[in-house]
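The block underneath contains the structure these notes are about, expressed in C-alpha cells.
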There are 4 protein chains.
Amino acid sequence: MEQTTTSERILDAAEALFVEHGFTETSLRVITRKADVNLAAVNYHFGSKTALIQAVFARHFDPFAELFGAALERLKADSPPSLDVLIDTLIHCALNTSSSHGDLRVFMKLLGMAYTRHQPNLREYLQDHYRPLFADFIDLVTQATPRLRREDRFWRLHFLLGSIVFTLSSLDTLRGMHPGETGHMPVRALAGQVRPMVLATLQAPSTDSAAISPFSQETSL
Amino acid sequence: MEQTTTSERILDAAEALFVEHGFTETSLRVITRKADVNLAAVNYHFGSKTALIQAVFARHFDPFAELFGAALERLKADSPPSLDVLIDTLIHCALNTSSSHGDLRVFMKLLGMAYTRHQPNLREYLQDHYRPLFADFIDLVTQATPRLRREDRFWRLHFLLGSIVFTLSSLDTLRGMHPGETGHMPVRALAGQVRPMVLATLQAPSTDSAAISPFSQETSL
Amino acid sequence: MEQTTTSERILDAAEALFVEHGFTETSLRVITRKADVNLAAVNYHFGSKTALIQAVFARHFDPFAELFGAALERLKADSPPSLDVLIDTLIHCALNTSSSHGDLRVFMKLLGMAYTRHQPNLREYLQDHYRPLFADFIDLVTQATPRLRREDRFWRLHFLLGSIVFTLSSLDTLRGMHPGETGHMPVRALAGQVRPMVLATLQAPSTDSAAISPFSQETSL
Amino acid sequence: MEQTTTSERILDAAEALFVEHGFTETSLRVITRKADVNLAAVNYHFGSKTALIQAVFARHFDPFAELFGAALERLKADSPPSLDVLIDTLIHCALNTSSSHGDLRVFMKLLGMAYTRHQPNLREYLQDHYRPLFADFIDLVTQATPRLRREDRFWRLHFLLGSIVFTLSSLDTLRGMHPGETGHMPVRALAGQVRPMVLATLQAPSTDSAAISPFSQETSL
DNA sequence: AATGAATGAGCATTCATTCAT
DNA sequence: GATGAATGAATGCTCATTCAT
C-alpha cells in the first residue's frame with residue numbers, strides 16, 4: 001500500500017524543508033509532520049538531527065561523486081583534457097545526477113548551505129568524504145591552465161564556485177526581485193550562462209603584481 | 001569609565017556572533033552575555049531580535065550606501081564612466097566604508113547571509129532601503145557594456161555578486177582548508193583578485209543562442 | 001503506583017489554581033509544579049495554555065450539558081413543562097453533574113470567569129459548543145412564561161444567571177466578610193435560596209412602559 | 001496648552017483598559033502609551049500598579065459613597081423608609097454619580113472585578129473604606145423587610161448585587177450574543193428592568209425550611 | 001515633576017532527545 | 001520497526017520596578 005519507506009519519507013521532507021528554510025530553522029517536529037511519521041522516527045532511523053542532515057547530503061552527493069569521479073578517471077586516461085572539456089564534464093555530471101531526484105537547484109543550495117557554514121559538522125563531513133574527488137578535478141584544471149599563477153587559479157576557482165552556488169541558492173530571491181528576467185529560465189539554460197563566465201575567468205591572464213591593489217594606499221584596513 | 005553605550009555594545013557583540021554562527025544559531029542570551037549587558041536590554045533598545053539584525057545591517061550598509069551613492073552621482077554628472085572606473089569605484093567604496101568598523105569580510109558576510117535567505121524579513125528590508133542605489137549602479141553598468149544582451153548582463157552581474165559574497169563569506173572555511181594559500185592574504189589584496197574576473201566576465205561577448213545550452217538535450221530536467 | 005494520568009493531574013491542578021487566582025494570574029509553571037509534572041507536559045498534552053483552559057471547562061461542562069440536554073429532551077416530549085419544573089430540572093442537573101468531580105462552586109466560578117470576559121477565546125468556545133442547549137432551555141422558559149414581554153424575559157434571565165454565578169463565584173469572599181452567615185452553608189442549601197428568587201423574578205408581571213424608567217429625566221447619561 | 005494633568009491622563013487610560021481587558025491583562029506599558037506618558041510616571045505618581053488600581057476605584061467610588069451616604073443620612077432622619085424608596089435612592093445615586101465621568105457600566109464593571117477577586121488587595125481596600133456605608137444600607141433594608149428571615153435576606157441581597165453587577169459587567173458580552181435585544185438599550189433603561197426584580201425578590205416570603213432543599217437527598221455533595 | 005535607561009524575575013512556548021513498550 | 005509519553009534545557013520576549021539625572 002505504502003510504497004516509500006519511513007526513512008525515505010523523512011529524507012524527502014527534510015530536504016525540501018532544509019532547502020526552503022535552512023537547517024536550524026527546520027525543526028524535527030515540522031519534518032516528521034510533513035513526512036507523516038512519528039517524531040521519534042528521526043532519532044530512531046538516523047540517530048540525531050545532525051546525522052539526518054548528513055544523510056540528506058549524501059543522497060545528493062554520492063551519485064554525483066560517483067558519476068563525476070568516473071568521468072574524471074576517463075579523462076585522465078587520455079591526454080590531459082582542455083578547459084572546455086573539463087567544464088562541460090562538470091556541468092554535464094551536475095545536471096545528470098540531480099535529475100534523478102530533485103533539480104540542480106536543490107543540489108546547489110545544499111552545497112551553498114554547507115559552505116556558508118552554519119552547521120560546522122557538515123563541512124567536515126564533506127571534506128572527509130569528497131576531498132580526493134575535488135583534488136583530482138583541481139589537478140586537471142591546473143594542467144589545463146598552465147599560464148595562470150597558482151594563487152590566482154585558487155582564488156578564481158573559488159570565485160566561480162561561489163558565483164554558481166550563490167546564484168542557484170538565491171534563485172528564488174532573484175525571481176522575487178526580477179520576475180520578468182528570471183521567469184521561465186530553466187536551470188539547464190542557466191548552465192549556458194555559466195559557461196562563458198567560467199571560461200573567461202579562467203582564461204584571463206594573471207594580473208601582474210603591480211596592478212593587484214590600486215586601492216591599497218587609501219585603505220587603513 | 002565605560003566608553004561605549006549599551007546599544008553599541010549589543011551591536012558589536014551581535015555582529016560578531018551573527019557572522020560567526022548565523023542569526024538563528026545566535027541567541028539573545030549569548031549576545032547579551034558577550035556584551036556584558038542585561039538580557040532585556042536588547043528588547044529595550046531594538047524591540048526584537050529581528051530589529052536587532054536589521055540594525056546590525058544598517059550600521060554597515062548606511063555608510064557604504066552614502067559613500068557609494070555620492071560617488072555614483074559624481075560619475076553620472078560627467079560623461080558615462082567606463083566599466084573599469086565603475087568597478088574600481090565600487091571596490092573603493094566597499095573597502096573604505098567598512099574600514100570604519102569591522103572589515104570588509106563582515107560586510108560581505110552579512111550581505112551573503114541576507115541573500116541566502118534564512119530570515120526573510122531581511123531581504124525585504126534591504127530591498128526597501130537600497131533599491132534605488134543598486135538601480136543606479138546597474139544603469140551605469142548597462143551604459144558601459146552596450147554590446148551585452150540584457151539577459152546576459154543580468155545573470156553575469158549576479159554571478160559576480162555571488163562570487164564575491166560567497167568567497168568572502170567562506171573565507172575562514174577556505175583558510176581552514178588551505179592554510180598555505182590564504183594565510184596572510186589581506187582583504188584588499190583579494191580585491192585585486194576580483195577585478196580581472198569582473199572585467200573578463202562582463203567584457204566577454206554575449207553567447208549566441210545556438211551555443212547557450214549544449215547540455216539541454218541530455219537532461220530530462 | 002501512580003493512579004492518575006499526567007493530563008488529569010494537570011487538569012486538576014489547573015482547575016484549582018484557575019478558580020482561586022484566575023487564568024492570567026496562574027502560570028504554567030505553578031500548575032505543573034502543583035501537578036508534579038514537567039513544564040513541557042502542558043504543551044505536549046494540550047498544545048497551549050488557552051487550550052488547557054478550554055479543556056478545564058469542557059471537563060465540567062460536557063457532563064452537565066449531556067445531563068441537562070437529555071432532561072430537556074424528556075421534558076419537551078411531554079406537554080410543555082411549568083416554570084417550577086424547569087427550574088428544578090436545571091438545579092438538579094447542575095448539582096448532580098458537578099458532584100462527580102469538584103463542587104458546584106467550581107462549576108459556577110468557571111462560568112462566571114468565562115462571562116466576565118478576560119480570555120476572550122473562552123466565550124467563543126462556550127458559545128460554539130453549548131448554544132443549542134441554551135436555546136432549548138430559553139424556548140421552554142418562554143413557553144412557561146407567556147405573559148412576560150420578550151424583552152423583560154431576556155433581561156431577567158440574565159439577571160438570574162448573574163445572581164447565581166456571582167454569588168457562587170464570590171462565595172469565599174462572602175465567607176471572609178460574614179463568617180457567621182455563610183459558615184456551614186452547603187451548596188445544596190444555597191440552591192434552596194435560589195429557587196424563590198428565580199420564581200419571584202420570572203413571575204413578576206411585566207412592568208408597564210411608563211414605569212420603566214423613573215430615573216431617566218434626572219440623568220444626563 | 002495641555003489641560004489634563006499627567007496623573008489624570010494615567011487614570012483615564014488605566015480605567016478604560018482595566019475595564020476592557022482586566023487588571024492583570026493590562027500592562028503599565030500599554031497604559032502609559034495610551035496616556036502618552038512616560039512609563040515611569042505610574043510608579044512616580046502612584047507608587048505601584050496596585051496603588052494605581054485602587055486610585056482608579058477611589059475616583060469612582062468616593063463620589064458615589066458621599067452622595068449615597070448623605071442620602072441615607074437624610075432617610076434615617078425621617079421615619080424608616082420603605083423598600084421602594086431605598087431601592088430608588090440607591091439607583092438614583094448610582095446613576096447620578098457615575099454620570100460625572102464615565103458611565104454606570106464602568107462603575108459596575110469595576111465593582112464586579114473587585115468581587116470576582118483576582119487582585120485580592122482590592123477587596124480589602126473596598127471593605128476598609130466603604131463598610132460603614134454598606135452596613136447603614138443593610139440596616140435600613142432590614143427595617144423595611146421585617147418579615148424576611150435574616151439568612152434569607154442576606155442571600156437575596158447578594159443575589160441582587162450579583163445580578164446587577166454581573167449583567168452590567170457582561171453587557172458587551174451580551175451585546176455580542178444578542179445584538180437585537182440589547183442594541184440601543186441605554187443603561188438607565190436597564191435600571192428600570194432591575195427595579196421589579198429587586199422588589200419581587202425582597203418581597204417574596206421566606207421559604208419554610210421543609211421546602212428549602214428538595215434536591216438534597218439526590219445529591220452526594 | 002518627570003524621564004530614559006536599565007534590570008532581574010518571570011512568562012509561554014519550542015527544542016532535540018530519550019525510553020518503555 | 002515503530003511510537004506515545006515525557007523531559008531538561010533553551011528560546012524570544014514582557015513584566016513591574018528602580019534609579020540617576
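Basis for what follows: all heavy atoms, side chains included, without hydrogens, waters or symmetry-related copies. Chain letters run A, B, ... following the sequence lines, proteins first, then strands; residues in each count from 1.
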Describe, in one word, how the ring planes of C:F23 and C:F18 are oriented to each other, choosing from parallel (under 30°), tilted (30 to 60°) and perpendicular (over 60°).
perpendicular
*Mind checking whether D:Y130 and D:F61 have parallel, tilted or perpendicular rings, split at 30° and 60°?*
tilted
Once base and sugar-phosphate atoms are separated, protein heavy atoms under 4.0 Å mark nucleotides 3-10 of chain F, 5' to 3', with B, S and - as BBBBBB--
From CD1 of A:I53 across to C1' of E:dT17 the rounded distance in Å is 15 Å
B:N43 atom CG is separated from F:dT14 atom C1', nearest whole Å, by 8 Å
note: D:E8, atom CD; E:dA1, atom P; distance rounded to Å ~ 15 Å
Taking C-beta and beyond as the side chain, do D:T6 and D:N38 meet within less than 4.5 Å on heavy atoms?
no
Taken to the nearest whole Å, CD/D:E25 to P/F:dA16 is 11 Å
From the candidates E:dT14, F:dG12, F:dA16, the one with an atom nearest any side-chain atom of B:L28 is F:dG12
Looking only at heavy atoms, the pair that brings A:I10 and A:I31 closest together is O-CG2, 4.0 Å
Per-residue pairing states of DNA chain F in dot-bracket (Watson-Crick or G-U under 3.5 Å; . unpaired, | other strand) read .||||||||||||||||||||
D:K34 and D:A16 have their tightest heavy-atom pair at NZ-CB, 3.8 Å
D:I10 CD1 to F:dA16 C1', in whole Å, measures 14 Å
Taken in chain and number order and not counting sequence neighbours, the residues that satisfy side-chain hydrogen bond (donor to acceptor under 3.5 Å, both in side chains) with A:D12 are A:R59
(Q) I'd like to know if the side chain of A:S7 and the backbone of A:H45 have a donor-acceptor N/O pair within less than 3.5 Å. (A) no
Exercise. Would you indicate what A:T50 reaches in the nucleic acid, counting non-hydrogen atoms under 4.0 angstrom: base, sugar-phosphate, or nothing?
Key: nothing
- Item | Geometric class of the D:F107/D:H60 ring pair [parallel <30°, tilted 30-60°, perpendicular >60°] | tilted
D:I31 atom CD1 is separated from F:dC15 atom P, nearest whole Å, by 11 Å
Separation of F:dT11 atom P from B:H21 atom NE2, nearest Å, is 13 Å
Legend entry - Check against side-chain contact (heavy atoms from CB on, under 4.5 Å), A:V42 and A:K49: CA-CA 7 Å; A:V42 169; A:K49 187 181 181 181; 5.7 Å; no
In whole angstroms, the gap separating P of E:dA2 from CG of D:D36 amounts to 13 Å
